[in-house]
Amino acid sequence: MATSGSKCRACKAPAVIDLPRHNANFCADHFLQLCRRQVDKAIDDYDMFDRSDRLLVAVSGGKDSLAIWDLLVEAGYQADGFYVGLGIGDYSDESRAYVERFAASRSLHLVTVDLRDDYGYDVPTAARAAKRKPCSACGLSKRHLFDRAAREGGYDVVVTGHNLDDEAAVLLGNVLRWDIEYLARQLPVLPAANGFPKKAKPLVRLTERETAAWCLLRGIDYLVEECPMSSGNRHLHHKNTLNAIEQASPSSKSAFYLNFIDKMAPLLASQSAAASGDVHDCEQCGSPTTTELCAFCRLVDTASAHEPVPVELVLGRRGRR
Ligand code: FES
Ligand code: ZN
Ligand code: ZN
């Protein structure tokens with residue numbers, strides 16, 4: 001990862017990674033220290049949580065979610081994991097195995113939900129039945145289940161592993177459309193509101209290359225494969241675009257995102273649409289909603305009544321687009 005012969009900026013030992021955006025190389029110890037500092041800074045700067053809070057970390061088996069779970073536990077936070085089985089063929093089976101191995105290796109508490117076993121549907125079926133994109137059916141299901149697990153388990157904050165690349169790509173998408181409402185809500189921390197728990201993204205100061213390196217150096221085995229349903233996802237194009245800019249002009253990506261948070265987001269705060277309508281309990285599941293049945297319960301009703309759709313069928317259709 002580092003050019004041979006390069007030295008750590010802090011201790012002059014041989015470097016294991018070069019970070020052009022910091023204009024420096026680091027040895028393993030100093031790189032890990034830098035990651036810890038970046039996470040500490042995000043937690044402090046954005047007032048995410050403290051050690052008295054109970055955290056529920058959404059884990060997928062990928063590098064980011066396992067890295068943040070590891071970082072938080074190492075730093076002494078009370079952090080349990082939460083995994084949702086999405087029923088996306090082998091990808092889901094493997095992702096679950098990675099999460100379970102990680103939790104077992106560190107004796108951590110893992111809460112799991114399985115869409116097929118617990119709610120009678122999976123993401124490919126939900127996508128077909130509700131005529132949604134798979135990522136949209138998946139996102140709706142995961143958001144609902146994280147919120148619900150946090151509420152029912154008495155957790156103070158839901159933590160996700162979104163990194164700098166994820167957030168900068170979403171920001172670029174929102175800017176390209178000047179989607180003010182989304183821009184106003186694109187924050188590293190969202191306070192608890194209307195029965196929804198507080199949400200925090202402590203990895204926003206680390207890139208995905210850095211979280212991958214964290215896992216490598218900490219011996220964390222993670223699922224490298226991306227979700228097969230996410231191919232063609234426009235965020236991937238935005239990430240590639242930003243990587244090209246970053247290569248030509250190191251630190252542009254972090255400046256783009258972090259300066260947005262510091263300088264622009266406060267100006268947009270008044271644009272954040274308060275939940276319109278009356279928030280009350282969903283008749284079926286008790287979650288906060290502005291309609292009779294929440295969007296998740298409507299999805300469950302539609303998707304669980306549909307015959308199971310094999311993942312290949314949804315992928316085949318996407319491939320022909
Ligand atoms: Fe949700 Fe891929 S992880 S659709
Ligand atoms: Zn060093
Ligand atoms: Zn509901």
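Both ligands and their constituent atoms are indexed starting at 1 by order of listing. It should be emphasised that the depicted structure is a prediction, and the values quoted were computed from it without experimental measurement.
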Task: Sphere of radius 2.8 Å around the Zn ion (ligand 3) - protein N, O or S atoms inside - done: Cys282 SG, Cys285 SG, Cys294 SG, Cys297 SG

Open item on the list: For Asp80 and Tyr155, which I'm curious about, is there any donor-acceptor pair between the side chains at under 3.5 Å?
Closed with: yes

- [ ] Under 2.8 Å from the Zn ion (ligand 2), which protein N, O or S atoms are there? Could you list them by chain and number?
- [x] Cys8 SG, Cys11 SG, Cys27 SG, His30 ND1

Task: Joint cluster assignment, Leu217 & Ile220, ILVMFWY side-chain distance < 4.5 Å - done: yes

Open item on the list: Would you call the rings of Phe146 and Phe82 parallel, tilted or perpendicular, taking 30° and 60° as the class edges?
Closed with: perpendicular

- [ ] Flag yes if Phe196 and Leu56 sit in one hydrophobic cluster, no otherwise; membership is Ile, Leu, Val, Met, Phe, Trp, Tyr, and two members link when side-chain heavy atoms are under 4.5 Å apart.
- [x] no

Open item on the list: With a 4.5 Å cut-off on side-chain heavy atoms, are Pro197 and Asp156 touching?
Closed with: no

Task: Heavy-atom side-chain proximity of Arg9 to Asn25 below 4.5 angstrom - done: no

Task: Distance-minimising heavy-atom pair for Arg51 and Gln78 - done: O-NE2, 3.2 Å

- [ ] Find all atoms of ligand 1 within a distance of less than 4.0 Å from any non-hydrogen atom belonging to Cys138, and give their numbers and elements.
- [x] 1 (Fe), 3 (S), 4 (S)

Task: Asp166: which of His235, Lys239, His238, Lys201 passes side chain to side chain donor-acceptor pair (under 3.5 Å) - done: Lys239

Task: atom 2 (Fe) of ligand 1 contact by Cys227, N, O or S atom under 2.8 Å - done: yes

- [ ] Using the six-membered ring wherever Trp is involved, compare the ring planes of His22 and Phe26 and label them parallel, tilted or perpendicular (cut-offs 30° and 60°).
- [x] perpendicular

Task: Test item: Ile88 and Cys227 side chains (from C-beta on) under 4.5 Å apart, heavy atoms - done: yes

